[in-house]
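Below is one structure, written out as structure tokens; comments come after it.
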2 protein chains.
Amino acid sequence: MNTDFSTILRSLNLKITPKRIAILDILMNESSYLSPEEIWTRMKKQFRSVGLPTIYRNLEELSERNIISKVTHPNRQLYYYFCANRSHHHHFVCLSCRNVEDINFCALDELRREVKRKHNGKVISHILQVNGYCRNCLNKEGKDNEI
Amino acid sequence: MNTDFSTILRSLNLKITPKRIAILDILMNESSYLSPEEIWTRMKKQFRSVGLPTIYRNLEELSERNIISKVTHPNRQLYYYFCANRSHHHHFVCLSCRNVEDINFCALDELRREVKRKHNGKVISHILQVNGYCRNCLNKEGKDNEI
DNA sequence: ACTTTAAATAGAACTCATTTCTATTTAAGT
DNA sequence: ACTTAAATAGAAATGAGTTCTATTTAAAGT
């Protein structure tokens with residue numbers, strides 16, 4: 001595992017530090033997305049001292065390099081991060097348990113055509129976030145923490 | 001014009017105040033989306049005293065009632081608002097001039113099917129924001145203020 | 001028009017996520 | 001081991017958005 005992260009970091013010209021590896025490790029092993037604070041909390045269990053700015057700095061660097069990705073929550077527009085060294089995809093966010101699943105569906109091509117045809121513009125990127133209720137929460141009918 | 005806004009406000013059970021009308025007026029007559037601060041700046045030209053909290057409160061109330069809508073900017077995730085007493089649609093945001101155009105394209109149905117079929121989940125809402133360069137900025141080749 | 005009252009507002013103070021700054025530590029190439 | 005640029009801790013600053021309280025105002029009833 002560590003070897004894996006080291007390889008990733010080396011290929012990005014980032015120094016291989018214990019904290020970078022820990023951040024990647026936390027994100028990789030989490031199916032839901034995490035706020036910087038949540039990552040910080042987990043880090044503090046592993047390290048005697050970690051600064052929150054370190055978390056922010058690393059998350060920013062890693063997301064700039066497309067190793068992890070950002071999600072903005074509709075309510076309080078805080079940053080949330082999610083691991084993804086994968087190709088383009090979208091997120092299905094459960095409004096109840098906040099779990100995130102990847103959606104391998106994308107209408108980018110149609111979108112591009114529409115924008116080209118009707119607006120004469122050029123699409124560079126897009127954000128698609130789908131909110132709803134996941135399998136588990138639908139079964140439990142525990143749909144309390146609404147958005 | 002004023003009559004129009006008054007009717008809207010009355011139908012929403014909101015008191016008809018000069019400031020509410022002014023906010024609606026500013027948004028309706030702007031093709032681009034505006035930050036609360038930008039709206040505040042314009043308001044201060046019309047009123048001797050306006051509080052920024054008033055702007056926030058009203059924008060929130062109006063967007064809850066779907067008279068205007070929110071956009072979160074990919075960079076600094078600040079709130080931006082855009083007038084829209086229209087049905088469901090999405091935004092094409094120019095990365096250069098920040099102009100916003102409505103996109104009358106939505107893949108919600110396919111999305112719903114995908115989430116149902118592959119995830120057994122239920123879609124409640126979604127956010128689609130498309131970033132790119134608009135006609136004008138493509139012509140000018142003035143694509144400096146990157147993301 | 002005059003009263004009444006609940007909603008709306010101004011302005012100050014506060015909150016809290018994110019960023020900046022500076023001195024110290026550390027990874028990694030020589 | 002030595003060197004140096006990158007990474008970090010911790011404190012302090014920033015700034016968007018919110019809360020609080022006293023005052024004003026829209027609008028419903030008289």
Side-chain angles (χ1 to χ4, degrees), chain A residues 2-3 5-24 26 33-65 67-68 70-81, chain B residues 2-3 5-24 26 33-65 67-68 70-81:
Chain A
N2 270 20
T3 334
F5 293 142
S6 301
T7 313
I8 292 172
L9 291 175
R10 211 183 333 265
S11 73
L12 297 170
N13 287 322
L14 290 174
K15 284 191 179 174
I16 299 160
T17 69
K19 282 162 192 173
R20 278 211 179 107
I21 291 175
I23 290 174
L24 282 174
I26 287 166
Y33 60 125
L34 297 169
S35 67
E37 288 250 10
E38 285 169 332
I39 294 168
W40 192 38
T41 305
R42 290 166 197 228
M43 292 286 278
K44 282 187 285 191
K45 287 173 189 161
Q46 297 179 46
F47 299 92
R48 194 155 40 73
S49 68
V50 213
L52 193 46
T54 301
I55 310 291
Y56 276 99
R57 196 175 349 91
N58 277 298
L59 290 173
E60 192 54 36
E61 283 165 352
L62 292 169
S63 76
E64 272 172 10
R65 290 168 169 80
I67 293 304
I68 63 174
K70 268 190 224 179
V71 176
T72 36
H73 201 269
N75 256 355
R76 302 187 112 288
Q77 63 289 5
L78 312 177
Y79 273 11
Y80 289 98
Y81 291 80
Chain B
N2 271 19
T3 333
F5 294 141
S6 302
T7 312
I8 292 173
L9 291 175
R10 211 183 331 266
S11 72
L12 298 170
N13 286 321
L14 290 174
K15 284 192 179 173
I16 299 159
T17 68
K19 282 165 192 173
R20 278 211 179 105
I21 290 174
I23 289 174
L24 283 174
I26 287 167
Y33 60 128
L34 297 168
S35 67
E37 289 251 9
E38 286 170 330
I39 294 168
W40 191 38
T41 305
R42 290 167 197 225
M43 292 286 280
K44 282 188 287 193
K45 286 174 188 160
Q46 297 180 46
F47 297 92
R48 194 156 40 73
S49 69
V50 214
L52 192 47
T54 301
I55 309 291
Y56 277 99
R57 195 177 347 93
N58 278 299
L59 290 173
E60 192 54 36
E61 283 164 354
L62 292 168
S63 75
E64 272 171 12
R65 289 168 169 79
I67 293 304
I68 63 175
K70 269 190 221 180
V71 177
T72 34
H73 199 269
N75 254 356
R76 302 189 111 291
Q77 65 291 3
L78 311 178
Y79 274 10
Y80 289 98
Y81 292 79

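Here the structure is a predicted model, which is why all the values come from computation and not from measurement. We name chains A, B, ... by the order of the sequence lines, and we start the count at 1 in each one.
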In whole angstroms, how far is the [atom2] atom of [N] from the [atom1] atom of [X]?
X     : N      : atom1 : atom2 : result
A:I23 : D:dA9  : CD1   : C1'   : 14 Å
B:I55 : D:dT18 : CD1   : C1'   : 15 Å
A:Y56 : C:dC16 : OH    : C1'   : 9 Å
A:E37 : C:dC16 : CD    : C1'   : 9 Å
A:W40 : C:dT19 : CH2   : C1'   : 15 Å
B:R48 : C:dG11 : CZ    : C1'   : 14 Å
A:L59 : C:dT19 : CG    : P     : 10 Å
B:Q46 : C:dA10 : CD    : P     : 13 Å

Between the protein and nucleotides 7-9 of chain C, which nitrogen or oxygen pairs are less than 3.5 angstrom apart?
from, atom 1, to, atom 2, distance (Å)
C:dA7, O4', B:K15, NZ, 3.3
C:dA8, OP1, B:R20, NH1, 3.0
C:dA8, OP1, B:R20, NH2, 2.8
C:dT9, OP1, B:T17, OG1, 3.0
C:dT9, OP2, B:R57, NH1, 3.0
C:dT9, OP2, B:N58, ND2, 3.1
C:dT9, O3', B:K19, NZ, 3.0

Kindly indicate, with the supporting measurements, whether the criterion side-chain contact (heavy atoms from CB on, under 4.5 Å) is fulfilled by A:T17 and A:L9.
CA-CA 9 Å; A:T17 69; A:L9 291 175; over 6 Å; no
Short question: side chain of B:W40, backbone of B:V50 - any donor-acceptor pair under 3.5 Å?
yes
Closest to side chain of A:L52, choosing from C:dT18, C:dT20, D:dG17:
C:dT18
Set of salt bridge (Lys or Arg N to Asp or Glu O under 4.0 Å) partners for B:E37, sequence neighbours left out
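With sequence neighbours excluded, B:E37 shows a salt bridge (Lys or Arg N to Asp or Glu O under 4.0 Å) to no residue whatsoever.
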So, taking the atom named [atom1] in [X] and the one named [atom2] in [Y], what distance separates them when rounded to the nearest 0.5 Å?
X     : Y     : atom1 : atom2 : result
B:Q46 : B:I26 : CD    : CD1   : 5.0 Å
B:N58 : B:L24 : CG    : CG    : 8.5 Å
B:E60 : B:I68 : CD    : CD1   : 8.5 Å

